[in-house]
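By convention in this document, chain letters (A, B, ...) are assigned in the order of the sequence lines, proteins followed by strands, and residues within each chain are numbered from 1.
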Amino acid sequence: MNWQTLNKAVPQCHCEKRVFERRSNLLKSKFYLASLTLFLALSISTTVLAIPQEIYHFDNPQQSQQFQSLLSQLRCLVCQNQDLKDSQAALAEDLRQEVYHQVKLGYPTPQIKTYLTQRYGNFILFNPPFLPQTYLLWLGPWFLLVFSIMLLSYIVFRHQRAQSL
Amino acid sequence: MQRNNLRFGIFSLPLIVFLLLGIVLWRGLYHDHRLIPSALLGQAAPIFNLPVLGVEEVRGKSEDLLESALRFSNQQLKGKAYLLNIWASWCEACTQEQAILLEIKRRYPIPIIGLNYKDEPESAREFLKQWGNPYKLIVMDQAGKAAIDWGVYGTPETFLVDQNGQIRYKYVGALTWKVIDELANIK
């Protein structure tokens, strides 16, 4: 099977040569901003969502909304900085299909998320759940901030006190 | 004297933080951040029921497992430990691990089931002819749906399932000789 003859998204190989790895960050910033403005400019409650080469039809705007919101919360595991909406990877396409199928069946968002985290772990969610294992992750920066402010004020007040003497 | 000690303590704090950070980042250099730990370790292996790849050599060797020539489910492997290897003919890293899989097949009695991921039967057969066939039998997952149940996000990936149907070990990427030792330790 020849790589070059495939004109659709190619599945991922855990190889040394990542020939098809995209410069996702740069691409994402310009493309994402452009597509975001376009998306906002169009009516938000549509029943059709179009991703390049894929069209998703929904019975009502709520489902379309649920689908889009879900896609932006889920990480593409191949291009790990992109969400499922942006990613062109084959796995992202498969997962989009699966999420679409479940949204159409009327499954609630938490159930779909559980389905995916059961198989791929919490890493597939951009926002990890707030559990004892992730307290450090969520609260760590705040502690660091408070500590830095305390240290800074200590140094500043010491300097002031030294000056006023 | 006490003030000097306190000063020394405060000045050495950034140094300590720097050293700790250095250790953490140094270790991070050798850790592939793209690897995701399996969410399925210790869980029951997901059931699949997929068409079998008709390869003449395979058919001959898998007669004890193959009931019908059409589909196979891992439920038929109840009570037996097995290795599930996710592979594809378009996957370059899979060529690197064929030798190791053949070695595992030679050394251990454990059956190796191949799950051909998002591939064509013809290409799969060509690949096996070229690189060798370590598999007891091969199932075709052309849509990739069964693989999602196993948390597969690329090829190759290898799972060790024990005789109770629990997933004990998962390796992402082409197998290496070290992995054989790890696998042997688990059994």
Side-chain angles (χ1 to χ4, degrees), chain A residues 1-6 8-21 24 74-81 84 87 89-99 101-102 112-125 128-129 133 144 147-148 150-151 154-155 158 162, chain B residues 3 6-7 10 13-14 17 32-41 43-44 46 86-97 116-127 141-158 167 170-176:
Chain A
M1 186 169 243
N2 195 350
W3 273 117
Q4 278 70 36
T5 60
L6 292 173
K8 54 177 181 156
V10 291
Q12 130 137 326
C13 186
H14 298 295
C15 310
E16 287 301 305
K17 308 193 225 160
R18 300 197 193 99
V19 183
F20 288 84
E21 191 171 73
S24 50
L74 296 170
R75 186 193 306 266
C76 169
L77 297 159
V78 177
C79 314
Q80 292 175 355
N81 287 324
L84 283 189
S87 177
L91 179 67
E93 202 176 303
D94 290 344
L95 290 177
R96 276 196 292 267
Q97 283 290 340
E98 185 59 36
V99 172
H101 177 66
Q102 296 200 5
I112 301 179
K113 280 194 192 169
T114 306
Y115 175 89
L116 288 169
T117 52
Q118 265 174 357
R119 286 152 178 78
Y120 289 101
N122 285 328
F123 190 63
I124 198 174
L125 301 171
Q133 300 104 308
L144 213 58
F147 176 74
S148 312
M150 277 170 46
L151 190 64
Y154 171 74
I155 293 172
R158 208 163 53 120
Chain B
R3 278 205 66 178
L6 185 65
R7 269 239 203 99
I10 288 183
L13 187 63
V17 171
D32 186 353
H33 63 96
R34 293 170 62 93
L35 290 179
I36 304 170
S38 174
L40 293 171
L41 288 179
Q43 312 271 345
I86 320 285
W87 67 282
S89 65
W90 43 259
C91 162
E92 167 157 349
C94 300
T95 63
Q96 294 165 9
E97 67 170 8
N116 189 253
Y117 180 67
K118 293 174 89 72
D119 201 0
E120 301 296 320
E122 262 315 306
S123 320
R125 282 191 213 112
E126 280 303 312
F127 180 92
D141 185 10
Q142 289 184 281
K145 286 288 150 68
I148 289 181
D149 278 341
W150 288 73
V152 170
Y153 61 104
T155 54
E157 293 183 9
T158 309
I167 297 181
K170 175 183 179 183
Y171 189 77
V172 170
L175 292 174
T176 61

- Message: Report which part of A:Gln118 has an atom under 4.5 Å of a heavy atom belonging to chain B: side chain, backbone, both, or neither.
- Response: backbone
- Message: Please classify the contact of A:Tyr120 with chain B as side chain, backbone, both or neither, using a heavy-atom distance under 4.5 Å.
- Response: both
- With a 4.5 Å cut-off on heavy-atom pairs, point out which of B:Gln43, B:Glu157, B:Glu126 contacts chain A the most. B:Glu157
- Listed partners of B:Tyr117 passing ring-ring contact (aromatic ring centres under 6.0 Å, His included), at least two apart: none
- Message: Looking at B:Ala88, is its backbone amide N or carbonyl O close enough to the side chain of B:Asp119 to form a donor-acceptor pair, meaning the two atoms are under 3.5 Å apart?
- Response: no
- Task: Could you tell me which residues satisfy side-chain contact (heavy atoms from CB on, under 4.5 Å) with A:Ile155, sequence neighbours excluded, listed by chain and number?
- Result: A:Leu151
- Taking only Lys NZ, Arg NE, NH1 and NH2, and the carboxylate oxygens of Asp or Glu, determine whether A:Arg119 and B:Asp149 approach each other closer than 4.0 Å. yes
- Go through the atoms of B:Ile148 and report whether side chain, backbone, both or neither lie under 4.5 Å from a heavy atom of chain A. both
- Note on the structure: In terms of heavy-atom pairs under 4.5 Å with chain A, the winner among B:Gly173, B:Pro37, B:Gly144 is B:Gly173
- Check: B:Trp90 side chain, B:Ser123 main-chain N or O, donor-acceptor pair, under 3.5 Å: no
